[in-house]
Each structure stands twice: as structure tokens, then as C-alpha cells.
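Contents: one structure, followed by commentary.
Atom set for the values below is all heavy atoms of this structure, side chains included, hydrogens, waters and symmetry mates excluded.
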Amino acid sequence: MMRAVYRRPAFEVMPRRRRARMGMGGAALAALIIAVVAATPALSSPVSLSANPMDDDGRITLGELFDGAGSASSVVVARRSGPTAVLDAGQIQAAAARAGLHWSNPDGLRRIVVRQGSAGASLTQTSAPAGRPGATVEVLTYARSLASGDVVQPEDVVWSQVQAHQAPAGAPQDAAEVIGLSARRAMRAGAPVQSRDLTAPEVIARGDMVQVAFISGGVRLTVTGRATRNAAMGEPVIVTNLDSGRAIDAVAVGPGQAVAGPAARAARANPQQFAALR
């Protein structure tokens with residue numbers, strides 16, 4: 001005698017206990033999705049670096065650095081103690097990202113120079129005249145001792161108050177003028193910076209292997225060649241492409257590094273601010 005086998009219909013409601021377990025799992029999954037969405041930052045807003053960043057009160061904000069900073073304009077990211085401040089481009093890029101801004105750094109800048117605005121300059125000019133007995137002036141000085149041949153980095157110079165009679169005539173008024181230069185002789189910490197003590201460092205020697213980068217609109221192509229002459233930072237150098245034998249007009253931006261194309265003009269104008277490709 002055959003026994004009938006019961007099969008549960010596909011539409012039959014599942015047992016209450018199983019429904020409860022699935023309901024709890026679904027609720028937990030929904031809660032997890034909501035938490036992840038809440039923790040996910042909003043899409044970053046693209047911004048561009050100001051052509052000539054300036055600040056008036058010594059507090060450097062994202063709004064003073066970038067065009068289109070919007071609600072993040074008042075975020076302070078650095079401080080300026082002298083006529084100029086030299087900022088690390090990577091750190092500023094990270095600070096902008098934390099504030100919801102996206103700066104792609106299309107020119108590959110390594111440093112950003114921020115200068116004193118007109119309002120801050122007018123305040124500075126109210127100090128005592130330099131000829132007055134006991135008067136002090138603000139000059140660029142060495143933060144540490146440098147050996148002959150050392151290249152000046154942003155952290156190597158600071159603005160300091162010195163007696164007016166100790167301030168050298170024609171001293172650099174902009175830190176960007178000396179950063180990236182090489183000391184002609186040993187320099188003592190605390191000594192005023194003088195242009196005659198610095199020179200452009202030679203970063204490429206004739207016969208050196210050089211990486212040449214063509215940078216345009218965020219696109220970067222790199223080739224390797226051999227230098228035909230010595231070159232200091234920001235100086236033109238002709239590099240022979242090892243593959244094609246063609247001569248490439250480039251500009252030296254670091255040891256064994258050069259750039260060609262539109263980026264070469266920027267590197268020649270401001271080599272100490274341009275990022276060396278590493």
C-alpha cells in the first residue's frame with residue numbers, strides 16, 4: 001500500500017521561529033547598512049589652488065589657498081610668522097581632503113608659498129623706524145647650522161627679530177627665494193640669510209642618467225635619457241632619449257630629474273616650489 005508523502009507548498013508561510021530569526025538578521029543588516037552610509041563622507045568638492053595665495057592675519061585658511069573652498073574656507077591649516085610661509089603641498093592636500101575638498105595637484109607641486117597680504121603689510125609698517133636706537137626688524141635667519149653644499153629646506157629658515165644694525169642690506173624678503181638653494185660655505189644657526197651666501201645647486205651632471213617627465217593636464221609620461229650638460233635647479237638641460245636618440249629640451253628639477261612640455265615653464269620660473277619626480 002502506497003503512503004502519501006506530504007510536500008510543503010512553495011507559498012506556505014514558514015514557521016514562526018524561523019521567521020523571527022530571519023527578521024532579526026534582516027534588522028541587523030539594515031542597521032549595518034545605515035551605519036556605513038552615515039559614516040561615509042560626502043563626495044569631495046574639486047578645488048583649484050589660488051594663483052597667488054595670501055593671508056592678512058597669519059592664520060592660513062583653505063579659503064586663502066583654494067578657489068571654490070565653500071564652507072571649508074574658514075578652516076585654518078597653517079600659520080605664517082613672517083612675510084612668507086612655505087607649506088608642504090602633500091600636507092595641505094591631506095588637510096583639504098579632511099575638510100571635504102579634492103585638490104588633484106595637477107602640476108605636481110611640492111611646496112606652496114603663502115605671502116603676507118596688503119592688510120598685514122600695513123600693520124607691519126607701523127613698527128618703530130629701523131634707525132631708531134634699539135629698534136628691531138624682522139629678517140630671515142637660519143634655523144640650524146648648514147654645511148657647505150647643504151640645500152636649504154623650508155624648515156631650515158625662520159623669521160626672527162634682530163637689531164636693525166645687524167640686518168644685512170638687501171636681505172631676501174621672501175623665503176621662497178632661498179629654499180632649494182645651496183650654501184656656498186658653512187652657515188651658523190641664527191645668522192641672517194644673505195643671497196651672496198647661496199647658489200643654485202647643481203643637480204644634474206653631464207652624462208648622468210635622467211628621468212624626464214612630460215606633464216600636462218594631470219597626464220604624466222616618463223622617459224629615460226642621458227644629460228648632455230651640467231644643470232642646476234631650474235636650468236635648461238638637453239637630454240638624449242636612450243630609445244630614439246632624439247634630443248629633449250627639459251628643465252632640471254632635482255637630482256637626475258627633469259621635466260618637459262608645459263610643466264617645464266613652471267619649473268623654470270619657480271624650481272624650488274616644483275615637485276621633483278621621485
Side-chain angles (χ1 to χ4, degrees), residues 51-55 58 60 78-89 109-118 120-121 124-125 127-132 135-205 229-237 251-255 257-259 264-276:
N52 186 24
M54 293 187 296
D55 86 285
I60 302 172
R79 294 187 179 276
R80 175 186 53 78
S81 59
T84 57
V86 182
L87 311 180
D88 181 273
L109 297 180
R110 183 171 54 185
R111 304 183 183 104
I112 299 172
V113 178
V114 181
R115 293 177 171 81
Q116 184 181 53
S118 56
T124 303
Q125 293 171 359
S127 56
R132 177 180 169 182
T136 60
V137 294
E138 195 172 52
V139 298
L140 199 62
T141 62
Y142 293 104
R144 68 177 183 92
S145 296
L146 300 180
S148 177
D150 281 355
V151 176
V152 180
Q153 303 298 324
E155 60 272 17
D156 293 335
V157 290
V158 293
W159 293 98
S160 304
Q161 293 286 338
V162 302
Q163 293 293 316
H165 68 277
Q166 296 178 332
Q173 298 299 307
D174 191 333
E177 296 177 16
V178 302
I179 291 172
L181 299 183
S182 176
R184 293 180 182 271
R185 58 185 179 86
M187 306 305 302
R188 177 178 52 82
V193 177
Q194 301 187 63
S195 299
R196 68 186 183 190
D197 296 326
L198 303 170
T199 186
E202 187 175 280
V203 293
I204 293 176
R229 51 155 289 178
N230 299 344
M233 289 277 288
E235 287 187 344
V237 58
V251 173
V253 295
Q257 307 287 336
V259 293
R265 292 190 293 271
R268 192 167 185 175
N270 200 351
Q272 67 271 25
Q273 181 171 319
F274 199 87

G149 backbone acceptor or donor facing S182 side chain under 3.5 Å: yes
So does G254 get a backbone contact from the side chain of Q257, meaning a donor-acceptor N/O pair under 3.5 Å? no
Tell me, do V157 and V193 make a side-chain contact under 4.5 Å, heavy atoms counted? yes
Note, M54 side chain near Q116 side chain (heavy atom, < 4.5 Å): no
Side chains of L140 and V178 in contact at under 4.5 Å (non-hydrogen atoms): yes
To the nearest 0.5 Å, tell me how far R188 CZ sits from S145 OG. 8.0 Å
Given 3.5 Å as the limit, does a donor-acceptor pair link the side chain of T141 with the main chain of A191, or not? no
Kindly indicate whether the side chain of V152, heavy atoms from C-beta on, has any atom under 4.5 Å from the side chain of L146. yes
Given side chain to side chain contact (heavy atoms under 4.5 Å, CB included), test V114 with V86 step by step and report yes or no. CA-CA 6 Å; V114 181; V86 182; over 6 Å; no
Interatomic distance, M233 atom CE to E202 atom CD [nearest 0.5 angstrom]: 13.0 Å
Under 3.5 Å donor-acceptor, T136 side chain and V162 backbone: no
Short side-chain to backbone donor-acceptor contact, W159 and T84, under 3.5 Å: yes
CE on M187 to CG on L198, rounded to 0.5 Å: 7.0 Å
Is the closest side-chain heavy-atom distance between E138 and P83 below 4.5 Å? yes
How many angstroms lie between atom CZ of R115 and atom CG of D55, to the nearest 0.5 angstrom? 12.0 Å
Given side chains that start at C-beta, do those of V137 and V139 come closer than 4.5 Å, heavy atoms only? yes
What residues form a side chain to side chain contact (heavy atoms under 4.5 Å, CB included) with A143, not counting sequence neighbours? V158
Heavy-atom side-chain proximity of P53 to I112 below 4.5 angstrom: yes
Which residue pairs pass the salt bridge (charged side-chain N to carboxylate O under 4.0 Å, His left out) test with at least one member in residues 143-163, sequence neighbours excluded? R144-D156
Which heavy atom of P236 sits nearest to which heavy atom of A231, and what is that distance? O-CB, 4.1 Å
Regarding Q153 and R111, do their side chains bring together a donor and an acceptor under 3.5 Å, going by distance alone? yes
Within the distance-only criterion (no hydrogens, no angle test), does the side chain of Q173 pair as donor or acceptor with the backbone N or O of A171 below 3.5 angstrom? yes
Is it the case that the side chain of R79 and the backbone of I60 share a donor-acceptor pair, with hydrogens and angles ignored and the cut-off at 3.5 Å? no
